[in-house]
Structures are given as C-alpha cells and as structure tokens.
Amino acid sequence: MIGLTANDIDHYNKKGFVSPIDALTSKEAKEIRNEIEKIEKKWPGALEGINRNYVHLISPVFNKVCLNKKILDAVESIIGKNILICGTTLFIKNSNEKGFVSFHQDAKYIGLEPHNWVTVWIAITESNEKNGCMMMLPGSHKKNISHHDQNFDENNLLTRGQTIQNVPLEKTEPVILKAGQISLHHPKIVHGSGINNSDDRRIGFVVQSYIGSNVDQVLGKMYVQLARGEDQYKYHEYSYIPSKLMGTKEIISRNKANEELSKIFYSGAKKIGAY
Ligand SMILES: O=C(O)CCC(=O)C(=O)O
C-alpha cells in the first residue's frame with residue numbers, strides 16, 4: 001500500500017481536505033467521460049435528478065473506478081483498512097447552466113456515524129475556479145456542525161439547498177484538479193462551489209463516501225460494497241455488483257438504493273427537491 005504521504009495526512013488533519021492527489025490517467029478520465037456521454041445519449045435522463053446517485057451500480061466502468069488501487073490506498077491512509085463504498089454521485093455542471101453548490105457540511109444530513117469516513121472527488125474533467133471547482137473552508141472540520149438553512153433553488157445541486165450562511169469567502173481555498181486527479185475531504189468540512197463560467201462541462205464523480213466498516217447509517221438504509229479488508233460489523237445491506245451497463249438487474253438495484261437514499265436525504269424535510 002502506497003497511500004498518502006505524511007505531509008498529505010498532516011494537511012488533511014489540519015485543514016480537513018487534501019488535494020491534488022494523482023489517481024487516474026487522463027486517458028482513464030476520458031474513458032469515464034465517454035461512458036457518461038454514452039449513457040446520456042442512449043438513455044436520456046438516466047443520470048439526471050435522483051439518478052445522478054449510485055451510478056456505480058448501473059455501470060461496471062464506474063464500479064471499477066471506485067475500486068481503483070491508488071484511490072483505496074489514499075482512503076486507507078485516512079479511515080483504515082476496512083473500507084466500504086456506500087454511495088456515489090455525479091456532480092455535472094454544464095457550461096450553459098447555472099448550477100452551484102451552497103456551502104454545507106456533508107455530515108449534516110447523511111446519517112453516517114461515527115465520522116470515520118471520507119469523500120473522494122474524482123475529476124473527470126479538469127476542475128478550476130473558472131469552471132466552478134469546490135471551495136473549502138480550511139480547518140472548519142474541527143468545529144461543530146453548523147446551522148444549515150434549507151434554500152431550495154432549482155440551480156442548487158444539493159438535494160434541499162442546505163446552506164451555511166456567512167462563510168468568509170476570503171478564507172476559502174479552491175480545489176484545483178486536472179482530469180484524473182482526486183481530492184479527499186472530511187465529513188465536517190464546510191465547502192461549496194460556484195457556477196461554471198467556462199465553455200466545457202465540469203464533471204466530478206464523487207464517492208460519497210468511503211466508510212470504515214464501523215460506520216452505521218442512523219437515518220435509514222444504505223447499500224454498500226466491500227472495497228478492501230473485512231466488514232466485521234455488517235451494519236448494511238450489500239449491493240448487486242454490476243456486470244452490464246444499464247442491465248435490468250443493475251437498474252433494479254440502483255432504483256432500490258436511490259429510494260432508500262431519498263428517504264435519508266429528505267428525512268425531516270418539509271419539501272422534496274429535484275435530486
Ligand atoms: O461538485 C461540487 O461542486 C460539490 C461536491 C460536494 O459538495 C461534495 O462532493 O461533497
């Protein structure tokens with residue numbers, strides 16, 4: 001296992017995120033972009049709304065990325081050797097759209113306890129300040145969970161527009177990645193992202209998240225896959241491993257997982273959003 005360097009781990013512990021880490025080649029990133037664009041063309045809507053979640057359950061290509069050795073080595077450096085994949089989300093911002101992500105903490109609504117988990121953001125295209133990369137508030141993971149308003153907004157890529165107000169923008173740091181690089185962030189770090197002002201799409205494939213096998217889902221049910229090590233706790237149901245792109249079994253398994261995820265995301269919400 002190669003994993004993160006001592007400096008990377010120190011950076012993660014101090015700031016709540018670490019980037020950029022090399023993971024995929026630019027050719028591999030392009031293959032994933034091609035997979036996305038193939039699905040979009042052949043099955044319109046198959047990656048939209050709630051269907052932007054759990055794409056690794058309908059595509060062997062995405063599933064393979066989640067099991068990438070370099071990514072798992074980096075994850076192991078943070079959460080230890082028993083690693084489960086509990087979800088994935090595609091964050092796509094097209095150049096002609098106004099999509100943004102309000103400042104939030106992932107741990108607020110996701111129900112994963114304890115916080116022995118890490119989110120890996122995989123850049124399928126480059127991600128920079130012009131096209132709306134993630135902005136992190138360094139050190140914010142050391143504070144408690146903040147109050148989040150629920151600002152439902154059709155351009156907000158978060159389910160219920162969960163928003164922390166008055167984030168000091170001058171203190172935030174951009175997560176600039178080349179296609180194929182990754183960032184890792186802590187469950188409690190305050191982060192968000194602006195709109196894409198470039199003339200190409202900005203695509204992030206996000207494993208939300210890699211969890212230690214000791215992590216339970218306290219708000220509902222999640223379908224997991226063992227990525228490395230052992231699951232001594234057996235808190236979760238296991239997902240069907242895809243062998244065919246958009247096969248019948250694959251779609252059934254993704255739909256079932258999304259139904260449960262929706263219950264978690266909207267637990268206690270007054271309204272249901274687009275995702
Ligand atoms: O892709 C983005 O801009 C935001 C993603 C995000 O909030 C996350 O991965 O936790």
Side-chain angles (χ1 to χ4, degrees), residues 12 15-21 23 29 32-33 36 47-48 52-56 62 65-66 71 74-75 78 85-95 97-112 115 117-138 140-141 145-146 148 151 153 155-164 167 169 172-179 181-198 200-211 261 264-265 273-275:
Y12 180 89
K15 295 203 170 187
F17 73 100
V18 62
S19 72
I21 306 293
I32 298 161
R33 179 172 182 161
I36 292 169
L47 299 179
E48 285 170 19
R52 71 186 181 154
N53 299 303
Y54 282 118
V55 290
H56 69 295
F62 279 108
V65 179
C66 300
I71 297 179
V75 168
I78 309 268
I85 298 158
C86 84
T88 54
T89 304
L90 267 176
F91 279 98
I92 299 181
K93 291 179 183 172
N94 291 321
S95 53
E97 295 168 359
K98 300 270 175 270
F100 72 97
V101 172
S102 51
F103 281 100
H104 66 284
Q105 289 162 301
D106 296 338
K108 173 75 178 172
Y109 292 106
I110 198 69
L112 293 168
H115 292 160
W117 48 276
V118 65
T119 299
V120 175
W121 202 99
I122 306 164
I124 304 306
T125 61
E126 65 181 315
S127 188
N128 50 43
E129 284 173 279
K130 184 160 188 202
N131 70 9
C133 66
M134 280 196 294
M135 303 295 295
M136 298 284 170
L137 184 62
S140 51
H141 65 300
I145 304 271
S146 297
H148 288 60
N151 295 341
D153 178 321
N155 292 316
N156 196 333
L157 302 182
L158 296 184
T159 43
R160 44 165 113 176
Q162 46 271 46
T163 306
I164 299 175
V167 171
L169 297 182
T172 60
E173 288 181 18
V175 179
I176 296 172
L177 300 171
K178 292 192 195 122
Q181 291 182 320
I182 61 171
S183 62
L184 292 94
H185 68 259
H186 187 278
K188 285 201 299 177
I189 190 163
V190 174
H191 63 289
S193 66
I195 63 174
N196 178 358
N197 287 312
S198 78
D200 193 10
R201 329 177 76 180
R202 190 225 67 169
I203 305 177
F205 173 54
V206 188
V207 183
Q208 286 187 320
S209 296
Y210 288 103
I211 64 175
L261 186 66
I264 293 167
F265 278 155
Y275 299 103

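Each ligand, and each atom within it, is numbered from 1 in the order the structure gives.
The aromatic rings of H191 and H104 sit tilted relative to each other, their planes meeting at an angle between 30° and 60°.
The side-chain hydrogen bond (donor to acceptor under 3.5 Å, both in side chains) test applied to N197 returns no partner, not counting sequence neighbours. With sequence neighbours excluded, no residue forms a ring pair (Phe, Tyr, Trp, His ring centres under 6.0 Å) with F103. When the side-chain hydrogen bond (donor to acceptor under 3.5 Å, both in side chains) test is applied to E173, the partners found at least two apart in sequence or on another chain are K15.
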For ligand 1, list all ligand N or O to protein N or O distances below 3.5 Å, rounded to 0.1 Å.
residue: ligand 1; atom: 1 (O); partner: W121; partner atom: NE1; Å: 2.9
residue: ligand 1; atom: 1 (O); partner: R202; partner atom: NH1; Å: 3.4
residue: ligand 1; atom: 1 (O); partner: R202; partner atom: NH2; Å: 2.8
residue: ligand 1; atom: 3 (O); partner: S193; partner atom: OG; Å: 2.6
residue: ligand 1; atom: 3 (O); partner: R202; partner atom: NH1; Å: 2.9
residue: ligand 1; atom: 3 (O); partner: R202; partner atom: NH2; Å: 3.4
residue: ligand 1; atom: 7 (O); partner: H104; partner atom: NE2; Å: 3.3
residue: ligand 1; atom: 7 (O); partner: H191; partner atom: NE2; Å: 3.1
residue: ligand 1; atom: 10 (O); partner: D106; partner atom: OD1; Å: 3.3
residue: ligand 1; atom: 10 (O); partner: D106; partner atom: OD2; Å: 3.3
residue: ligand 1; atom: 10 (O); partner: H185; partner atom: NE2; Å: 3.2
residue: ligand 1; atom: 10 (O); partner: H191; partner atom: NE2; Å: 2.9
residue: ligand 1; atom: 10 (O); partner: Q208; partner atom: NE2; Å: 3.4

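A donor atom on one side chain and an acceptor atom on the other are not found under 3.5 Å apart for S183 and S19.
Each of Y210, Y12, W117 was evaluated against I78; a single residue qualifies, Y12, per the side chain to side chain contact (heavy atoms under 4.5 Å, CB included) test.
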